[in-house]
Number of protein chains: 2
Amino acid sequence: MSAGGDGPVTVLARGEGLAAWRQIADGLAADIEAGRLAGGAQLPTEAALAARFGVNRHTVRRALAALAERGLVRATQGRGTFVETPRLAYPIGRRTRFSEIASKAGREAWGDLIAAGSLPADAPTAEALGIAAGDPILELQTVHRADGTPLSTARTCLPLPRFAGFDRAYAALGSLTRAYAEFGVADYTRLSTRIGARPAAADEAARLDLTPGRVLIVLTSINVDAAGIPIQATRSLFAADRVELVVEGLG
Amino acid sequence: MSAGGDGPVTVLARGEGLAAWRQIADGLAADIEAGRLAGGAQLPTEAALAARFGVNRHTVRRALAALAERGLVRATQGRGTFVETPRLAYPIGRRTRFSEIASKAGREAWGDLIAAGSLPADAPTAEALGIAAGDPILELQTVHRADGTPLSTARTCLPLPRFAGFDRAYAALGSLTRAYAEFGVADYTRLSTRIGARPAAADEAARLDLTPGRVLIVLTSINVDAAGIPIQATRSLFAADRVELVVEGLG
DNA sequence: TCCAATTTGTTCGTATGTATT
DNA sequence: CAATACATACGAACAAATTGG
């Protein structure tokens, strides 16, 4: 155990009012934010960091705890401490178009359609769309990815006499906006937005390539056409590990 | 197995295009949303519901699964199925004042101040407030309740030369808005809002009276004064079991 | 299936410097 | 100035989870 070895590789400013653990945390945070420590990378072990900075393992642990609290790293017992992949900023605005977001992420316009079908509206969907419960609606199930990683899965409901065949138009055009244009909807805006969060059920986790129990952000929104008539009720489930919502148009 | 009992108490419309489990789910959901089934109440057992609707227990289970997915009930093995307390709608707008929310919830204006102190700004807080890292800031830790139940806990940071003594003003006045008025800030608005979600750490869970691992909504926001100068960086942690954010001012 | 090595998580104890009372 | 409280830092040992043979 007696180290005949070298001193610390990185020297801290000791006894100058700045706690050692804070210097270590700030240094590692700068490495992460500058990309010198890439997302998913494994940090050196606590023992190795303690040696590198010439401090006790407790001091390193305190620094890592500060980073974990800021969401920059995640420690797993028996495995190690890993740099969290930065969350994609997902704008939520009055006329958010998913194509814009996708372009920022360098990816496709709007998600893969994994299922579509018509069915009678359940009570909350009917209320959202301003129709009677049991009226027919078109339900679309989609999954949205960036660079192959699923970010969200959505269930989108449209009132049915009006949008019969929308699923085919959507599949052909690959874009909600263009499919709406086919149905004479040149513009649409967001009427209401509600945001919650809960653990993922098994099937939801499977669709998003998550382990069950990981956290989902639940975003429930209603879109209306230029005349203010509801044309879409959507419940999106975001993998909270991968996405952060940015509310636009408030400030 | 052979039931010599009475027929179903509640009759469903069978063979008319509406699945039995959906009718059961809609009926129970209506009971919950109308308050006939109060939050926290235990539902009848699956067997009892099956008898009441004259269906197989599997059909009841499908209905309950639909309700659980919508967050209306929570089933616990060996205990039963319970009505979830309805989530408080928490508006997020350009000039959301917490006093408004509290009045809707029938409670105090703004949370209990549980800690306050000055410290050097860490990098992200400094960037949010437009100051240099290490500059002094005032940090307030608050817990916000409705009817005694904690809904959220927040860490609010203010730049320090300007707002020295803010904590005392706040403690005396009991309102952020009034405390700001003391410092010559007549109005302030929301500059940016970011929303994420993650499980609660042990200390966070303790502050919110949750079991560790329950889901938190993380809301990070920056407020600016009339001149556009940042006066506040806040990170609020909401108990996702109890709160749903409603984004205002988008549609 | 079992075992050993590795790594993080937790809990003792001890000591020191800095503010506050 | 003394007493106290608090944050910081170090040392040791063991528990718990993961990984790979």
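Convention: sequence-line order gives letters A, B, ...; per-chain numbering from 1.
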Interatomic distance, A:Ile24 CD1 vs D:dC10 P [rounded to whole Å]: 8 Å

Per A:Thr45 side chain, nearest of listed nucleotides C:dT7, C:dG9, D:dC10: C:dT7

Nucleotide D:dA16, atom C1' - distance to CD of A:Glu46 in whole Å: 14 Å

What side-chain donor-acceptor pairs closer than 3.5 Å can you find for residues 58-68 of chain A, not counting sequence neighbours?
{"from": "A:Arg61", "atom 1": "NH1", "to": "A:Glu46", "atom 2": "OE1", "distance (Å)": "3.4"}
{"from": "A:Arg61", "atom 1": "NH1", "to": "A:Glu46", "atom 2": "OE2", "distance (Å)": "2.8"}

Atom-to-atom span, CG of A:Asn56 to P of C:dG13 - whole angstrom: 17 Å

B:Leu119 CG to C:dT18 P, straight-line distance once rounded to whole Å: 19 Å

Nucleotide opposite C:dG17 in a Watson-Crick or G-U pair, distances under 3.5 Å: D:dC6

Test: A:Asp122 and A:Arg235 ion pair at under 4.0 Å: no

Closest to side chain of A:Arg57, choosing from D:dT19, D:dT8, C:dT10: C:dT10

Basic-acidic side-chain contact under 4.0 Å: A:Arg198, A:Glu204: yes

Side-chain donor/acceptor of B:Arg242 to backbone N/O of B:Pro150, under 3.5 Å: yes

Among D:dA16, D:dT8, D:dC10, the one nearest A:Val55 by side-chain distance: D:dC10

Residues within residues 60-76 of chain A bordering DNA chain C, heavy-atom distance below 4.0 Å: A:Arg61, A:Ala75, A:Thr76

Out of D:dA17, D:dC10, D:dA9, whichever nucleotide has its closest atom nearest the side chain of A:His58: D:dC10

Under-4.0 Å side-chain N/O to phosphate OP1/OP2 contact, A:Thr81 with C:dT7: no

Check: B:Thr142 main-chain N/O paired with B:Thr153 side-chain donor or acceptor under 3.5 Å: yes

Separation of D:dC10 C1' from A:Trp21 CH2 (nearest whole Å): 17 Å

Geometric class of the B:Phe183/B:Phe166 ring pair [parallel <30°, tilted 30-60°, perpendicular >60°]: tilted

Geometric class of the B:Tyr188/B:Tyr180 ring pair [parallel <30°, tilted 30-60°, perpendicular >60°]: tilted

